[in-house]
Q: 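Take this structure first; my questions come after.
Here, residue 1 is the first one in the sequence, and each next residue gets the next number. Worth knowing before you read on, the calculation uses all heavy atoms, side chains too, and leaves out hydrogens, waters and symmetry mates.
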Amino acid sequence: MLENIGYSSMFSILSHLLFIGLAWWALQSLNIEKFFRANRVAQARLLYIMLAIAIGSTVSNFFLDYFIWSNQITYIFQ
């Protein structure tokens, strides 16, 4: 039982990191520098990081929920 929780936790962590990285990569394609003030590079980077975390964790939660629900659907037929 605890072994499954450990694997689930590791899978969730890796999923979140993967999707945060993909969100960061996707955000790099946007050209939104014109919306930032001059000499505010640190704040712009922080905003990129926060957006990547928000988007990545949301997408990861969706896929993790979908994975859990697809595994639980077999209980309908028992």
Side-chain angles (χ1 to χ4, degrees):
M1 169 103 178
L2 291 177
E3 184 176 293
N4 290 337
I5 294 172
Y7 287 130
S8 175
S9 299
M10 185 59 72
F11 183 67
S12 296
I13 290 170
L14 292 175
S15 173
H16 274 71
L17 290 176
L18 172 74
F19 283 108
I20 289 170
L22 286 174
W24 175 262
W25 177 68
L27 284 172
Q28 296 303 308
S29 68
L30 296 177
N31 187 14
I32 59 172
E33 283 80 23
K34 59 185 172 187
F35 294 112
F36 297 117
R37 294 182 184 163
N39 300 323
R40 302 287 182 156
V41 177
Q43 291 169 332
R45 286 184 186 160
L46 179 62
L47 180 62
Y48 268 120
I49 291 169
M50 290 170 52
L51 282 172
I53 291 170
I55 294 168
S57 62
T58 302
V59 174
S60 178
N61 282 330
F62 168 77
F63 280 103
L64 289 171
D65 285 343
Y66 190 82
F67 178 73
I68 290 168
W69 294 335
S70 66
N71 284 336
Q72 291 176 347
I73 203 159
T74 59
Y75 295 117
I76 292 175
F77 305 109
Q78 288 185 358

Q: Please tabulate, for the side chains in residues 63-70, all donor-acceptor contacts under 3.5 angstrom to protein atoms that are two or more places apart in sequence or on a different chain.
A:
residue	atom	partner	partner atom	Å
Ser70	OG	Tyr66	O	3.2
Ser70	OG	Phe67	O	2.8

Q: In terms of hydrophobic clusters joined by side-chain contacts under 4.5 Å, are Leu30 and Val59 together?
A: yes
Q: May I ask you to check whether over 12 heavy atoms, not counting those of Ile73, lie within 6.0 Å of atom CD1?
A: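 Counting other residues, nucleotides and ligands, CD1 of Ile73 stays at 12 neighbours or fewer.
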Q: Regarding His16 and Ser57, do their side chains bring together a donor and an acceptor under 3.5 Å, going by distance alone?
A: no
Q: On a heavy-atom basis, which atom in Ala52 and which in Ala23 lie closest, and how many Å separate them?
A: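 That would be O-CB, 3.6 Å.
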Q: Testing Ile49, Ile53, Ile55 one by one against Trp24 for a side chain to side chain contact (heavy atoms under 4.5 Å, CB included), which residue passes?
A: Ile49
Q: When hydrophobic residues are tied together by side-chain contacts of less than 4.5 Å, even through go-betweens, does Trp25 share a cluster with Leu14?
A: no
Q: Working to the nearest 0.5 angstrom, can you tell me the gap between Leu51 CG and Ile20 CD1?
A: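 Reported value, rounded in 0.5 Å steps: 12.0 Å.
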Q: Quick one: pull up OH in Tyr7 and OG in Ser12 and give me the separation to the nearest 0.5 Å.
A: 14.5 Å
Q: Check for me, please, whether Phe62 and Leu22 land in the same ILVMFWY cluster - side-chain distances under 4.5 Å, paths through other members count.
A: yes
Q: Cut-off 3.5 Å, no hydrogens considered: what does the side-chain donor-acceptor table look like for residues 36-45, sequence neighbours left out?
A:
residue	atom	partner	partner atom	Å
Arg40	NH1	Gln43	OE1	3.4

Q: Output yes when a side-chain donor or acceptor of Thr58 lies under 3.5 Å from a complementary backbone atom of Ala54, and no otherwise.
A: yes
